[in-house]
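Have a look at the structure below, then the notes.
As a basis for the values below, the full set of heavy atoms in this structure was taken, side chains included, without hydrogen atoms, waters or symmetry mates. From a predicted model like this one, the values you see are computed outputs, not experimental measurements. Convention: sequence-line order gives letters A, B, ...; per-chain numbering from 1.
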Amino acid sequence: MARWAEFAATLDAVSRTPSKREKVTLLAAYLRRLPEEALRVACTYLTGRVLPPGDPDKLQIGWSTIVEVLKELSGATDREVSELYLRWGDLGDVAAELVARRRAVPLFREPLTLEGAHAQLRRAAAARGKGAAEFRAAVLRALLEQAQPMEAKFLVRVLTGDLRIGLKEGLLQEAVAEAFGARPGAVRRADLLSSDLGEVACQARRGELAAASLRYFRPFRFMLAGTLADPAEPFHDGPQEVLAEDKYDGVRVQVHRLGDRVTLYSRTLDDVTDSFPELRQPLLQLGPAYIADGELVAWAGQRPAPFQRLQQRLRRLDPFQVAEQVPVALFLFDVLKLGEQDLMDLPLAERRQRLQAMEFSGPVRLASARPVRDVASLREAFRDARERGNEGLVVKRLDAPYRPGRRGGLWLKWKEPLATLDVVVVGAEYGHGKRAGWLSDYTFAVWDGDRLRVVGKAYSGLQDAEIAELTQFFLHHTVRDFGHFKAVEPKVVLEVAFDAVTRSDRHDSGYALRFPRIVRVRADKTPREASTLEEVEALYRQQREG
DNA sequence: GTCACCGAGCGGC
DNA sequence: CTCAGACCGATTCGG
DNA sequence: CCGAATCGGTCTGAGGCCGCTCGGTGAC
């Protein structure tokens with residue numbers, strides 16, 4: 001059995017050093033010492049999850065449950081917890097502190113082990129029905145009662161899915177490789193194909209990594225796209241042909257079909273087949289044995305419907321009831337396996353040819369794409385994609401293999417913000433983690449006559465120095481102080497960009513923005529010069545008309 | 001005892 | 001999904 | 001020609017809105 005205390009101490013050591021190499025070395029040395037089951041558990045936890053992706057059980061222990069249990073354990077009040085949180089900016093640190101002042105410290109403390117804790121958490125994840133929530137809380141309570149402060153800190157961080165030790169996926173794979181003398185590339189490949197690093201680590205130790213391969217009904221990581229900075233970018237290394245493919249605004253899915261089985265996997269590798277029963281027949285018909293990649297969209301007869309419509313069908317348990325109201329279309333753009341032949345390393349041009357030869361029917365369609373050789377045609381393709389009601393383009397190198405889990409230059413997405421608005425900041429909140437102590441999160445509004453109506457919040461886009469400056473400013477211009485949240489004088493104007501406007505009852509304007517990000521502080525504008533609700537409404541109508 | 005609603009958790013972008 | 005910042009290896013520049 | 005500065009790739013961390021499901025709870 002492997003002690004949780006050692007696991008925690010290792011994570012703590014890793015978090016202390018800024019050097020990536022040293023992080024990897026520290027972790028590798030620890031992993032090497034672990035027995036099999038502990039190794040599996042440790043590696044899964046190090047990915048910030050208790051269960052591997054795709055596991056049908058979900059832990060369902062979140063922020064609130066943890067806070068409730070910590071309060072019971074320590075006798076702390078809501079106010080104390082929130083003050084501690086303001087100080088630390090991290091629930092794990094709060095847990096460490098509160099566990100240290102537990103009311104009833106058990107006389108005999110069984111040391112926590114990775115194996116033991118995991119067995120308990122597994123049971124919690126499997127709980128269903130009446131009393132399930134209470135059972136989950138009880139499991140957590142029992143674990144925290146046994147835990148030392150440092151152990152509690154990392155238990156809570158595993159539960160919140162955020163280790164904050166400056167080591168995640170890539171470095172974790174390196175650590176596993178270093179621990180067992182495997183090639184980093186081999187570990188990475190195996191991880192991307194199985195997405196279960198715990199399992200991969202065990203294989204690495206046994207020297208069985210090479211066996212990893214594409215298998216039916218073993219979903220693997222999706223290939224991702226980087227962001228296109230400039231439309232000329234794809235042609236920078238001289239003239240060449242790239243594929244300009246429509247970027248559909250929907251949900252990415254991986255389709256596995258073999259025998260009489262068809263399964264759709266989401267990006268988290270969860271099985272979402274049952275939400276889309278009408279796709280089964282056309283997918284059976286598409287071919288006898290294949291793995292394909294595509295985007296599932298809500299479909300309005302001739303063109304795509306907004307993403308929100310599709311959400312109504314996601315994870316829906318009674319799909320037949322809404323299937324008629326929210327029809328979908330599945331646009332396939334890649335094929336990774338045909339029969340027993342692995343196509344991943346073939347160039348996209350060839351994969352696309354194989355895909356085009358398949359038997360498309362009904363709602364299963366071929367994604368719209370065309371080869372282009374210059375910037376002018378690329379721009380034209382972008383306009384056409386927008387005409388068809390799509391978000392923009394994904395520009396793909398025709399010579400590129402399929403690289404699971406990679407977000408590189410082989411695929412580049414090109415979309416444009418819908419617009420920008422000049423908004424007035426009316427509230428500011430303290431950030432989390434490394435933003436603890438900074439007012440880094442801004443609630444903003446637009447004018448409705450002479451009233452300010454909130455349209456959203458934004459965080460990203462500002463540089464640390466600007467956040468520091470705004471923090472000082474807002475501390476001096478706070479109207480009402482709610483602790484974590486401060487209502488501030490409407491003085492600061494921000495320019496925010498966003499991809500869409502949605503109707504929403506979250507804010508009093510009746511609207512919200514999709515993907516808001518701060519472009520800059522408009523020091524040159526007075527609050528009165530900020531945008532109006534009419535402008536927001538106009539944008540909302542404009543995007544609907546496409 | 002039933003039902004409607006709410007909050008929490010999760011995963012989609 | 002977004003963007004900023006940190007680290008690290010590779011490349012370029014200056015002495 | 002070598003060491004220093006800089007560049008680019010890759011990774012990490014922080015936080016936004018939407019809609020579904022489930023368990024718990026309060027109203028009737």
Side-chain angles (χ1 to χ4, degrees), chain A residues 17-23 48 53 58-68 89-90 127-137 159-174 224-227 247-253 266-270 272 275 295-297 306-319 322 391 406-409 413 415 417 429 431-436 438 440-444 455-467 496-507 511-519:
Chain A
T17 169
S19 157
K20 292 183 177 181
R21 298 278 18 119
E22 201 178 329
K23 284 175 192 286
K58 305 288 162 192
L59 192 57
Q60 307 239 84
I61 295 178
W63 223 84
S64 302
T65 310
I66 297 170
V67 168
E68 279 314 302
D90 177 274
R128 298 282 188 287
K130 194 167 154 54
E134 178 47 38
F135 179 68
R136 294 190 170 103
L159 296 180
T160 56
D162 196 4
L163 260 29
R164 303 193 52 237
I165 58 172
L167 174 147
K168 282 211 309 215
E169 198 172 7
L171 296 179
L172 188 50
Q173 289 160 354
E174 280 184 46
L224 305 169
T227 310
K247 185 177 190 307
Y248 297 89
D249 187 9
V251 168
R252 190 83 179 270
V253 289
S266 73
R267 244 162 86 140
T268 48
L269 312 187
D270 288 303
V272 296
S275 297
E295 186 91 1
L296 185 57
V297 297
F307 180 75
Q308 270 172 282
R309 301 236 69 200
L310 181 65
Q311 273 183 303
Q312 294 174 352
R313 291 204 48 187
L314 254 36
R315 254 169 327 212
R316 188 88 182 210
L317 290 184
D318 57 341
V322 274
E391 277 189 300
R406 293 300 267 270
R407 164 169 277 131
K413 61 184 159 201
K415 54 179 189 175
E429 273 170 77
H432 310 261
K434 68 178 175 190
R435 297 254 175 102
W438 302 105
S440 58
D441 192 325
Y442 311 116
T443 301
F444 53 75
V455 285
K457 280 166 70 173
Y459 42 94
S460 92
L462 290 182
Q463 294 172 0
D464 289 358
E466 295 175 300
I467 294 174
V496 293
F498 47 92
D499 287 8
V501 180
T502 55
R503 291 242 62 160
S504 159
D505 48 20
R506 189 185 199 85
H507 307 300
Y511 294 92
L513 310 180
R514 179 141 88 132
F515 306 141
R517 61 255 188 204
I518 301 167
V519 180

Show the numbers, then the answer: is there a side-chain hydrogen bond (donor to acceptor under 3.5 Å, both in side chains) between A/Ser266 and A/Thr268?
CA-CA 5 Å; A/Ser266 73; A/Thr268 48; 3.0 Å; yes
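- Every residue two or more places apart in sequence or in another chain that forms a salt bridge (charged side-chain N to carboxylate O under 4.0 Å, His left out) with A/Asp270 is listed here: A/Lys58.
- For the C1' atoms, the distance linking B/dG11 with D/dG15 amounts to 16 Å, nearest Å.
- If you find the closest nucleotide of DNA chain D to A/His432 and to A/Gln173, the one lying nearer the 5' end belongs to A/Gln173.
- No engagement by A/Leu296 is indicated, since no non-hydrogen atom pair under 4.0 Å with the nucleic acid exists.
- Heavy atoms of A/Leu167 sit under 4.0 angstrom from primed sugar atoms or phosphate atoms, though from no base atom.
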Any protein N or O atoms within reach of nucleotides 5-10 of chain C? Criterion: under 3.5 Å, listing atom names and distances.
from  : atom 1 : to       : atom 2 : distance (Å)
C/dG5 : OP1    : A/Asp464 : N      : 2.9
C/dC8 : OP1    : A/Ser19  : OG     : 3.3
C/dC8 : OP1    : A/Lys20  : N      : 2.6
C/dC8 : OP1    : A/Arg21  : N      : 3.3

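- A 4.0 Å heavy-atom criterion places the boundary nucleotides of DNA chain B facing chain A at B/dA8 to B/dC13, written 5' to 3'.
- Panel note: side chain A/Arg136, backbone A/Leu59; a donor-acceptor pair is recorded below 3.5 Å.
- Taking A/Asp318 as the reference, A/Arg316 meet the salt bridge (charged side-chain N to carboxylate O under 4.0 Å, His left out) condition, with sequence neighbours excluded.
- Under the 4.5 Å side-chain criterion, counting only non-hydrogen atoms from C-beta, A/Leu224 is in contact with A/Arg252.
- When side chains are defined from C-beta on, A/Leu462 counts as touching A/Tyr442, because their heavy atoms get closer than 4.5 Å.
- Between the CG atom of A/Asp441 and the C1' atom of C/dT2 there is a distance of 13 Å, rounded to whole Å.
- For DNA chain D, the contact window with chain A, defined by any atom under 4.0 Å from a protein heavy atom, covers D/dC11 to D/dG24 in 5' to 3' order.
- Nucleic acid contact for A/Gln308: sugar-phosphate only, since backbone atoms but no base atoms lie under 4.0 Å from a heavy atom of the residue.
- No option in A/Arg164, A/Lys434, A/Arg435 other than A/Arg164 meets the salt bridge (Lys or Arg N to Asp or Glu O under 4.0 Å) test with A/Asp90.
- Looking at heavy-atom distances under 4.0 Å, A/Lys415 makes contact with sugar-phosphate atoms alone, never a base.
- Listed for the A/Glu22 side chain is no donor-acceptor partner under 3.5 Å among the backbone atoms of A/Thr17.
- Using a 4.0 Å heavy-atom distance criterion, A/Arg316 is classed as a sugar-phosphate-only contact.
- Counting all heavy atoms, side chain and backbone alike, A/Lys415 lies closest to A/Asp499 at NZ-OD2, 3.1 Å.
- For A/Arg517 and A/Phe498, the positive end is not near the middle of the six-membered ring at less than 6.0 Å and at most 45° from its axis.
- Using a 4.0 Å heavy-atom criterion, one finds that A/Gly409 contacts no nucleic acid atom at all.
- Among the heavy atoms of the strands lying under 4.0 Å from A/Ile61 are primed sugar atoms or P, OP1, OP2 only; no base atom is included.
- Nearer the 5' end of DNA chain D, as judged by each residue's closest nucleotide, is the contact made by A/Gly170, out of A/Gly170 and A/Lys457.
- Partners of A/Glu466 under the side chain to side chain donor-acceptor pair (under 3.5 Å) rule, at least two apart in sequence or in another chain, do not exist in this structure.
- Across all strands, A/Arg503 comes closer than 4.0 Å only to sugar-phosphate atoms, never to a base (heavy-atom distances).
- With contacts defined as side-chain heavy-atom distances shorter than 4.5 Å, the pair A/Asp441/A/Lys457 qualifies.
- Backbone-only contact: A/Lys413 has heavy atoms under 4.0 Å from sugar-phosphate atoms and none from a base.
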